[in-house]
Amino acid sequence: VQLQASGGGLVQPGGSLRLSCVVSGVSLNYYTIGWFRQAPGKEREGVSCISSSEISTYYADSVKGRFTVSRDNGKNTVYLQMNSLKPEDTAVYSCATDYPREAGTCPGALFYGMNVWGKGTLVTVSS
């Protein structure tokens with residue numbers, strides 16, 4: 001099982017980016033996906049989570065109302081739409097899954113259940 005995040009880049013404050021997390025080696029249908037970020041000199045932060053059936057989602061307070069997580073199981077891809085970006089959103093963003101545990105829920109899986117991690121993508125918010 002492999003995950004690959006992409007879509008990062010340089011954006012001005014107030015701008016938008018959409019990150020993608022492509023999962024390979026297993027069908028995404030049964031697994032929860034979490035988004036994390038780590039800024040230089042800071043601890044990793046759980047940003048968002050979406051459960052396998054989309055019954056539950058989670059957003060950290062720092063991104064609530066600005067970020068939206070979604071999934072396309074047919075494409076084995078999870079997205080993180082990031083709007084109204086701020087300089088403090090600058091970080092390496094990565095995705096992870098709770099595979100092989102099925103039917104995990106958010107936010108529990110985000111904090112206690114992520115087992116497989118992908119490489120991140122850098123988001124820089126600067127004027």
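Residue numbers count from 1 along this sequence. We use all heavy atoms of the structure for the numbers below, so side chains are in, but hydrogens, waters and symmetry mates are not.
Pairs of residues two or more places apart, or lying in two chains, that qualify as side chain to side chain donor-acceptor pair (under 3.5 Å) and include a residue from residues 60-69 are R37-S62, E45-S62, D61-K64, R66-D89. Residue pairs meeting the disulfide (SG to SG under 2.5 Å) criterion with at least one member in residues 70-101, sequence neighbours excluded, are C21-C95.
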* Asked: side-chain contact (heavy atoms from CB on, under 4.5 Å) between F67 and N83: does it pass, once the steps are laid out?
  -> CA-CA 6 Å; F67 290 12; N83 298 329; over 6 Å; no
* Could you check V11 against S16 for side-chain contact (heavy atoms from CB on, under 4.5 Å), going step by step and ending with a plain yes or no? => CA-CA 7 Å; V11 63; S16 298; over 6 Å; no
* Where do L17 and L85 land on the side-chain contact (heavy atoms from CB on, under 4.5 Å) test, with the steps shown first? -> CA-CA 8 Å; L17 282 175; L85 283 162; 4.2 Å; yes
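Of all non-hydrogen atoms in V125 and T90, the two that sit nearest each other are N-OG1, 2.9 Å. The two residues K42 and Q38 have their closest heavy-atom pair at O-NE2, 3.1 Å. Nearest heavy atoms, G8 versus V123: CA-CG2, 4.0 Å. Here the closest non-hydrogen pair linking T32 and T105 is OG1-N, 4.1 Å. Of all heavy-atom pairs spanning R71 and L28, the tightest one is NH2-O, 2.7 Å. Shown here for S51 and G104, the closest heavy-atom pair between the two residues is CB-O, 3.4 Å.
Heavy atoms of other residues, nucleotides or ligands lying less than 6.0 angstrom from CD of Q2 number 12 at most.
Residue I33 holds its CD1 atom at 14.0 Å from OG1 of T57, rounded to the nearest 0.5 Å.
Taking 4.5 Å as the limit, some side-chain heavy atom of L80 sits within range of a side-chain heavy atom of S48. The shortest side-chain heavy-atom distance between L10 and S126 falls under the 4.5 Å cut-off. Between L19 and W35, some side-chain heavy-atom pair lies under the 4.5 Å cut-off. In this structure, V23 and T97 have side chains that are not in contact, with every pair of non-hydrogen atoms separated by 4.5 Å or more. Under the 4.5 Å side-chain criterion, counting only non-hydrogen atoms from C-beta, L122 is not in contact with Y93. Contact annotation: the side chain of Y79 approaches that of D72 to within less than 4.5 Å [non-hydrogen atoms, C-beta and beyond].
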Residues 106-120, side-chain donor-acceptor partners within the protein, below 3.5 Å, at least two apart:
from, atom 1, to, atom 2, distance (Å)
N115, ND2, D98, O, 3.2
N115, ND2, Y99, O, 3.2
N115, ND2, G113, O, 3.3

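Grouping the Ile, Leu, Val, Met, Phe, Trp and Tyr side chains by contacts below 4.5 angstrom, directly or via other members, places V63 with V69. Transitive grouping of hydrophobic side chains (ILVMFWY, heavy atoms separated by less than 4.5 Å) brings Y30 and I50 into a common cluster.
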